[in-house]
Amino acid sequence: MTINSVEGHRPEEIRAVPLRHPGRWVATAVLLVLAAMLVHDIVTNPRFGWGVVGNYFFATPVVDGVEKTLELTFVAMAVGVVLGVLFAVMRLSPNPILSGAAWLYIWFFRGTPVYVQLLFWYVIAVLQPTISLGIPFGPEFVHMSANSIVTPFVAALLGLGLNEGAYYAEIVRAGILSVDHGQFEAAQSLGMRRTPLMRRIVLPQAMRVIVPPTGNETISMLKTTSLAVVVTYPELLYQTENIAARTYETIPLYIMASFWYLLMTTVLTMGQYYVERYYARGTSYALPPTPIQRIRRNLTTLRRVPFSPGGLGGS
Amino acid sequence: MAEPMIRAEAVHKRYGLLEVLKGITLEVAPREVMCLLGPSGSGKSTFLRCINHLEKINSGRLYVDGSLVGYEERGGRLHELREREVCRRRTEIGMVFQRFNLFPHMTAIENVVIAPVLVKKEAKAVATTRARALLDRVGLSSKIDAYPNQLSGGQQQRVAIARALAMQPKLMLFDEPTSALDPELVGEVLDVMRALAEEGMTMIVVTHEIGFAREVGDTLVFIDEGVVVEAGVPREVIANPQHERTKAFLSKVF
């Protein structure tokens, strides 16, 4: 074997004829035709009622419904996250009563449809006409009618939040289990007790596993709030159906609502990206660029070097 | 003679039906450096983990600085200690792991500061000053704001040593501290440990570094299949092992 380390000589750059991809051109043509047909139908079919979509898009009840949808989404998610962390930590507790209770909660709320849970909260007054505070099985101090406490908002919040708590507990549990066992041991060997160990060492690391499904759950929750129609909470879909019941323009109104949902989930998706970046600290050498950084860099590099072989690196 | 820092009397440890420690009896004096040697699976790491109660022993007695590990003897019976007390005693024992186990979401200095602040309720400024001094001592004053994944294995292990020292322990346990390192990085970690030994820290070191055991260790204990096979002055044990198993092991390690 000869090793020749003569420097300076560099063979000329390879300029081969690129491989042809006829299949790609066929697929592109087929898809373009289908897309053209779809667009043609959407534009020319009067039953889509684009005018109606536009007219109602910023109507007061609709914007009101959007606000209520967002409000319910975030409050119910907050309830779900708090309950989820609580039940996940309970579930992993060495205390069998605590972990058993958490198991039971998750079993029940994950095992029944959220729609049915909402219906139950809506008719809770039938089951429990009054709610009172006092000593268990002893004297009661405060009486309230269930109907005055469990308003449509509270019913929607309880239904969605408790259900979310059960799902979220499993997400958090998976996150905690994903943390290397050595981390627990290192923290224990420094004399940390269970609560600070969880809060300062384990949960921040579990976040990397917890955050992506949290974005997913939030987006899912945003759409699931539409089930709050059954508890007469006036969110987006409720308002949409209200208008449709008056004007019979059902399809354009559902299209309008769908656009609103798409808009909101798009914004949430973008937010999720940045939250994930934050929790990726200390896990990758260099964070990937944000879309804005990427566009800016692409623009500058495009201008300066139109073609650079192997220029895909750096991300 | 003064009270030993560690006294183990017939320590047994089982995992289900598998008996890992079959009666370990030994003593470690204050300021002593004891090196534990033995094939993998011999129980030396398990013994180390029993000392700060990461593992519970099944029989025998284990004392650190005169008090029983994990239990309290009252009225002729052993009572389990509360979590608070177990944790308080762990603060007096530093531990360094084979895989470093630094907290990856914190910078080097945050790794060193967190336990004194969180566990001992030290003022953050005080803990930070000491952390800087400790990181300087292990030769990492230029890396205090680096995250663990930006550090080499040797640097990470030195941060881990500083983290353990930040609690001002009276005893340090090292569980194969250089086994996960590239050969060229072993030296920098051993240097830190040697300096620590010279300052008079009581240390138990599970290691395969025969050279370190010979030069720094006061005693060398060879463990196999959960029992102490041979113990003595490192130089003598290494040069002239008495038992067949020790001979066989040393001939393979060299």
Side-chain angles (χ1 to χ4, degrees), chain A residues 85 88-90 92-99 172 174-212 214 274-288 314-315, chain B residues 45 48-49 51-55 82-108 110-121 145-151 156 159-160 163-169 171-175 180:
Chain A
V85 173
V89 173
M90 275 171 70
L92 294 169
S93 158
N95 180 334
I97 301 294
L98 286 183
S99 81
V172 175
I176 292 173
L177 293 179
S178 78
V179 176
D180 180 26
H181 192 66
Q183 295 288 311
F184 290 83
E185 290 192 343
Q188 281 177 326
S189 76
L190 290 164
M192 279 187 213
R193 296 175 66 179
R194 194 177 143 78
T195 310
L197 185 154
M198 277 288 171
R199 208 166 55 82
R200 298 295 296 275
I201 306 299
V202 175
L203 284 175
Q205 294 183 60
M207 288 306 273
R208 204 166 47 82
V209 172
I210 294 173
V211 166
T214 304
Y274 286 94
V275 175
E276 277 177 33
R277 269 175 69 86
Y278 176 78
Y279 282 106
R281 280 171 317 154
T283 57
S284 51
Y285 287 86
L287 289 171
S315 62
Chain B
S45 290
L48 214 58
R49 294 153 54 80
I51 293 173
N52 66 359
H53 208 47
L54 285 177
E55 303 284 353
R82 296 181 155 277
E83 190 202 11
R84 177 195 302 272
E85 186 57 21
V86 171
C87 287
R88 195 194 61 71
R89 292 195 189 178
R90 280 186 186 139
T91 62
E92 300 174 339
I93 306 172
M95 187 156 186
V96 175
F97 300 86
Q98 182 177 357
R99 305 282 322 276
F100 329 133
N101 296 345
L102 288 180
F103 306 131
H105 57 304
M106 298 180 188
T107 61
E110 285 169 349
N111 264 280
V112 182
V113 165
I114 184 161
V117 171
L118 208 60
V119 179
K120 282 185 159 178
K121 312 292 176 205
D145 290 321
Y147 282 99
N149 69 1
Q150 297 164 330
L151 299 173
Q156 288 189 52
V159 174
R163 176 176 70 177
L165 290 175
M167 296 297 280
Q168 300 174 301
L171 165 68
M172 286 283 285
L173 310 173
F174 292 85
D175 189 3

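To find a chain, count down the sequence lines: A is the first, B the second, and so on, and within it residues start at 1.
- Shortest non-hydrogen contact noted between G191(A) and C87(B) is O-CB, 3.3 Å.
- Between the N101(B) side chain and the G182(A) main chain, a donor and an acceptor come within less than 3.5 Å of each other.
- How far CE of M95(B) is from CD of E185(A): 7.0 Å, rounded to the nearest 0.5 Å.
- Heavy-atom minimum distance, E83(B) versus R194(A): OE2-N, 2.9 Å.
- Between S189(A) atom OG and R163(B) atom CZ the span is 6.5 Å, to the nearest 0.5 Å.
- Only the backbone of I93(B) comes within less than 4.5 Å of a heavy atom of chain A; no side-chain atom from C-beta onward does.
- Contact annotation for R49(B): only side-chain heavy atoms (C-beta onward) come within less than 4.5 Å of a heavy atom of chain A.
- Heavy atoms of F103(B) lying under 4.5 Å from chain A belong to its backbone as well as its side chain.
- Atom CG of L102(B) is separated from atom CD of Q183(A) by 8.0 Å, given to the nearest 0.5 angstrom.
- To the nearest 0.5 angstrom, Q188(A) atom CD is 8.5 Å from N52(B) atom CG.
- One distance of note links CZ of R90(B) with CZ of R193(A); it measures 11.5 Å at 0.5 Å rounding.
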Any chance you could lay out the side chain to side chain contact (heavy atoms under 4.5 Å, CB included) test for L190(A) and L118(B), step after step, and finish with the verdict?
CA-CA 10 Å; L190(A) 290 164; L118(B) 208 60; over 6 Å; no
